[in-house]
Amino acid sequence: MTKPNSVQANGPSLLLRGLRKAYADVVAVDSLDLEVARGECFGLLGPNGAGKTTTIEICEGLTAPDAGTVELLGLNWNSGANQLRQRIGIQLQETQFPDKLTVEETLRLFRSFFRSGIAVDEVIRLAQLEEKRKSRVGGLSGGQKQRLAMACALVGNPELLFLDEPTTGLDPQARRHLWDLVDDLKKAGRTIILTTHYMDEAERLCDRVAIMDHGKIIALGTPMQLIASVGGEHIVEFAAARRVDDSRLIGDEVGEIDVPALLAIPGIQSHRVDAGLHQLSVSELHVAVPRIFAALGSQGLHLNEFRTHSATLEDVFVGLTGRNLRDE
């Protein structure tokens with residue numbers, strides 16, 4: 001993997017202070033402060049309307065903020081735009097390429113925008129597009145276009161790379177390959193700002209993650225720190241019903257379960273309801289599960305569904321925002 005052109009060791013790669021952006025009466029970004037270190041893979045997560053896209057567009061120089069300061073690699077868009085364009089790479093969520101150009105022609109076009117960069121042949125190899133080198137862009141699949149967009153973001157050999165949902169449309173094998181590529185980019189000293197709708201991707205790739213909602217950062221830390229904030233190592237999900245005779249069950253309403261009795265069980269940290277399922281955060285699964293069964297049985301309830309899983313960033317996200325990341 002080619003090293004970036006000019007890595008400066010001092011100062012953060014990205015520094016936001018008091019960032020604000022409003023559209024009429026809607027405040028998209030509300031006095032946001034954020035700092036991303038050099039060589040860090042930083043994940044920015046948030047539901048639609050959280051202000052995530054606006055924040056990224058301001059960082060990329062595509063949108064002007066109403067207030068606040070933005071520094072990238074020690075520069076700002078007001079006085080250092082030309083330098084920044086040579087030192088950052090951007091993969092948009094959806095990129096429109098000329099359909100009649102081939103993959104190789106497209107990359108040679110993008111490479112011509114930079115004073116120095118990565119050889120087109122190397123970028124084609126990195127993006128696993130060797131077999132499509134001479135194919136016209138209009139005939140590529142969605143996943144192949146995503147890989148081409150990644151290649152175009154890399155061809156200038158950037159120090160700071162913005163990846164907006166880079167694995168959307170990729171098959172599992174190609175997705176894993178891109179994860180390996182991101183790891184290599186980090187090892188080469190690049191800073192990566194990543195947005196994604198896949199929680200496993202954020203856990204796998206990101207050194208730190210920020211969760212945004214209503215224009216503010218509501219959680220910030222390493223994936224392990226955020227997962228630990230759930231309060232338990234495991235999540236228990238269940239649906240229960242009350243038996244009215246030998247053959248019929250009545251679906252449970254939230255109020256029918258004695259939640260305080262469940263929370264009194266040792267090892268249970270919290271309770272919430274999501275998509276009709278009760279969810280308990282549990283620290284000692286082997287101790288808590290038998291007592292959950294007993295507590296529900298004593299309330300005259302029978303389980304329709306029951307499953308457990310290790311706590312993930314998805315659980316953190318739902319707990320903080322009240323909805324799944326992909327819901328919107």
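Heavy-atom basis, side chains included; hydrogens, waters and symmetry copies ignored.
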Any donor-acceptor pair under 3.5 Å from Thr95 side chain to Ala149 backbone: no
Test of ring centre spacing under 6.0 Å for His271 and His278: yes
Listed once per pair and sorted, the ring-ring contact (aromatic ring centres under 6.0 Å, His included) pairs that draw on residues 111-165, sequence neighbours left out: Phe110-Phe113
Contact list for residues 56-79, test salt bridge (Lys or Arg N to Asp or Glu O under 4.0 Å), sequence neighbours left out: Lys21-Asp66
Under 3.5 Å: donor-acceptor pair, side chain of Asp213, backbone of Lys216: no
Value rounded to 0.5 Å, distance of OG in Ser13 from CG in Leu72: 8.5 Å
Ionic contact status for Asp200 with Arg175, cut-off 4.0 Å: yes
Crowding at CD, Glu130 (>12 non-hydrogen neighbours, <6.0 Å): yes
Flag if over 12 foreign heavy atoms under 6.0 Å of CZ, Arg136: no
Nearest atoms (heavy-atom pairs only) where Pro166 meets Met150: CB-CE, 4.4 Å
Side-chain ion pair, Asp183 and Arg204, N-O less than 4.0 Å: yes
Thr102 backbone acceptor or donor facing Glu105 side chain under 3.5 Å: yes
Heavy-atom check, side chain of Leu45 versus side chain of Met212, under 4.5 Å: no
Main-chain N/O of Glu165 paired to Thr196 side chain as donor or acceptor, under 3.5 Å: no
From His309 atom NE2 to Glu314 atom CD, the distance as rounded to the nearest 0.5 Å: 8.5 Å
Over 12 non-hydrogen atoms of neighbours within 6.0 angstrom of CZ in Arg272: yes
Glu40 (side chain) donor-acceptor with Ala37 (main chain) under 3.5 angstrom: yes
Donor-acceptor contact present, side-chain Lys186 to main-chain Leu205, <3.5 Å: yes
Residue pair Val273 / Leu277, side-chain heavy-atom distance below 4.5 Å: no
Carboxylate-amine/guanidinium contact Arg17 Glu35, below 4.0 Å: yes
Spacing of CD1 belonging to Ile268 relative to CG belonging to Leu263, to within rounding of 0.5 Å: 7.0 Å
Donor-acceptor contact present, side-chain Trp77 to main-chain Val70, <3.5 Å: no
Salt bridge (Lys or Arg N to Asp or Glu O under 4.0 Å) between Arg190 and Glu159, intermediate numbers included: CA-CA 5 Å; Arg190 289 175 173 81; Glu159 299 168 51; over 6 Å; no
Straight-line distance of Leu178 CG to Gln173 CD, nearest 0.5 Å: 13.0 Å
Test item: Gln279 side-chain N/O and Glu237 main-chain N/O as donor-acceptor pair under 3.5 Å: no
Polar side-chain atom of Gln86 near backbone of Gln83 as donor-acceptor pair, under 3.5 Å: no
Flag, side chain of Arg38 to backbone of Gly11, donor-acceptor distance under 3.5 Å: yes
